Enquirer: 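One structure, as structure tokens, below. Some questions next.
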Amino acid sequence: MRARFEDRLVAGIQEAVEVEDKITSMPGRRLIAVYPGSFDPLTNGHLDLIERGSRLADELIVAVLKNASKHPLFAVEERLEMIREAASGIANVTADTFDGLLVDYAAKRGANMILRGIRAISDYETELQMALINRRMRPETETVFLMAREEFSFISSRMIKEIITLGGDVAHFVPETVLRRLQAKLISEK
Ligand code: PNS
């Protein structure tokens, strides 16, 4: 009688372990985050968010919006290359492009998290609107915000483009690869 009880106990534990293995190996259990944006170009603020986001998620996909209606400084392919170069040391980060709705892209990639950064209170309103719209369209994908580090809270891609075009120094604000490409672009346009 006692042996039968122990056998049943062992079998029960084995079953529990198998169930747990099944659950933890289910694709939906992994935290896959999409960090979307224009990244024209990538800044140190973006890179900081990528580094911190990569520690929260199992997989972080930096997704560059292909937006034909804007007039970008860098082509989508160049932006991808810069992200890949700057984030090459982070194993769980990849870069990709998307068009259409962000939530559709997140669904296609099996992502359960959208990562966005907030710098100042002025970012909040737009970000809140986007997060609420995205949640209404796809509640399974949670938007998670990280506050920009103080030293990056005033940097934006738009400002960087303006400063470098007007002859200013942006070396402190962008990764090395971006700086080289910005300088090359300016030289080739002179
Ligand atoms: O770096 P940005 O330009 O602030 O990024 C904005 C971005 C790409 C996150 C946003 O425009 C976006 O998600 N566009 C995809 C279209 C979409 O899903 N729109 C509905 C929700 S706002």
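Quick note: numbers below take in every heavy atom, side chains included, and nothing from hydrogens, waters or symmetry partners. In each ligand, atom 1 is the first atom listed, and ligand 1 is the first ligand listed. A quick note: this is a predicted structure, and the numbers were derived from the prediction, not measured. Throughout, numbering of the chain's residues begins at 1 and tracks the sequence.
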Enquirer: Would you say that L31 contacts M113 through its side chain, given a criterion of any heavy-atom pair below 4.5 Å between the two side chains?
Expert: yes
Enquirer: Heavy atoms only: give me the nearest L42-A86 pair and the separation to one decimal.
Expert: CD2-CB, 3.5 Å
Enquirer: Between ligand 1 and the protein, find all N/O pairs closer than 3.5 Å and give the distance for each.
Expert:
unit_1, atom_1, unit_2, atom_2, d
ligand 1, 1 (O), S38, N, 3.0
ligand 1, 3 (O), S38, OG, 2.6
ligand 1, 4 (O), R116, NH2, 3.1
ligand 1, 5 (O), R116, NH1, 3.4
ligand 1, 18 (O), L102, N, 2.8

Enquirer: Taking D40 as the fixed residue, which of K161, R181, K185 is the one that meets the salt bridge (charged side-chain N to carboxylate O under 4.0 Å, His left out) rule?
Expert: K161
Enquirer: Indicate yes or no for a side-chain donor-acceptor contact from D96 to the backbone of A63 under 3.5 Å, with no hydrogens or angles considered.
Expert: no
Enquirer: Would you say the side-chain atoms of R84 pair up with the backbone N or O of R79, donor to acceptor, closer than 3.5 Å?
Expert: no
Enquirer: Whether the side chain of R119 engages the backbone of I155 through a donor-acceptor N/O pair (distance < 3.5 Å, no angle test) should be reported.
Expert: yes
